[in-house]
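Count residues from 1 along the sequence.
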Amino acid sequence: MNQEKNESPFAALSWEEQQRRWMEWRSRQLDYRPAEDTQPAPKAPGGSLRAPNLPLTPPPRRRELDQVLARHRQALRRAGEFHAT
């Protein structure tokens, strides 16, 4: 088969032209929404700043820890006992 016939019109463009076309297409796909509130937020009484309600510690990642511990136990079983010579 002829390779030229199998090549897409996009692939036939130069790298710079491909990048420009990609950015153009991507900009049309984005969902632009106008800002809801352009007024600054009112200050808290007394001028104090409040911290957002964020958790102080990251959520526990128990599943990953269990997987690491299971791999460690498996490695210990495979290694057997250590005997100094």
Side-chain angles (χ1 to χ4, degrees):
M1 290 187 145
N2 191 353
Q3 186 178 3
E4 292 176 12
K5 289 183 181 180
N6 293 336
E7 193 172 281
S8 72
F10 184 79
L13 299 173
S14 68
W15 187 84
E16 291 84 11
E17 183 65 20
Q18 287 178 358
Q19 294 299 311
R20 189 182 68 70
R21 288 263 187 100
W22 168 252
M23 295 301 285
E24 196 175 280
W25 179 84
R26 186 71 182 122
S27 68
R28 288 191 303 262
Q29 303 304 314
L30 295 175
D31 182 25
Y32 290 108
R33 286 179 256 149
E36 293 179 14
D37 187 13
T38 57
Q39 299 294 326
K43 290 186 178 183
S48 64
L49 296 175
R50 295 185 326 155
N53 295 331
L54 298 176
L56 298 177
T57 59
R61 297 183 342 187
R62 180 65 188 221
R63 185 179 57 205
E64 285 100 353
L65 177 60
D66 289 342
Q67 290 172 349
V68 168
L69 292 176
R71 285 195 306 264
H72 181 69
R73 283 190 298 272
Q74 185 180 23
L76 287 175
R77 281 195 302 269
R78 287 184 180 174
E81 288 187 5
F82 175 75
H83 297 285
T85 56

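Val68 belongs to no multi-residue hydrophobic cluster, having no ILVMFWY side-chain contact under 4.5 Å with any other such residue. Alongside Leu65, the hydrophobic cluster contains Leu69 (criterion: ILVMFWY side chains under 4.5 Å).
Atom NE2 of His72 sits about 15.5 Å away from atom CD of Gln67, to the nearest 0.5 Å.
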Which atom pairs, one a donor and one an acceptor, fall under 3.5 Å between side chains of residues 12-21 and the rest of the protein, sequence neighbours left out?
unit_1 : atom_1 : unit_2 : atom_2 : d
Ser14  : OG     : Glu17  : N      : 3.3
Glu17  : OE1    : Arg20  : NE     : 3.4
Glu17  : OE2    : Arg20  : NH2    : 2.6
Gln18  : NE2    : Phe10  : O      : 3.1
Gln18  : NE2    : Leu13  : O      : 3.4
Arg20  : NH1    : Glu24  : OE1    : 2.9

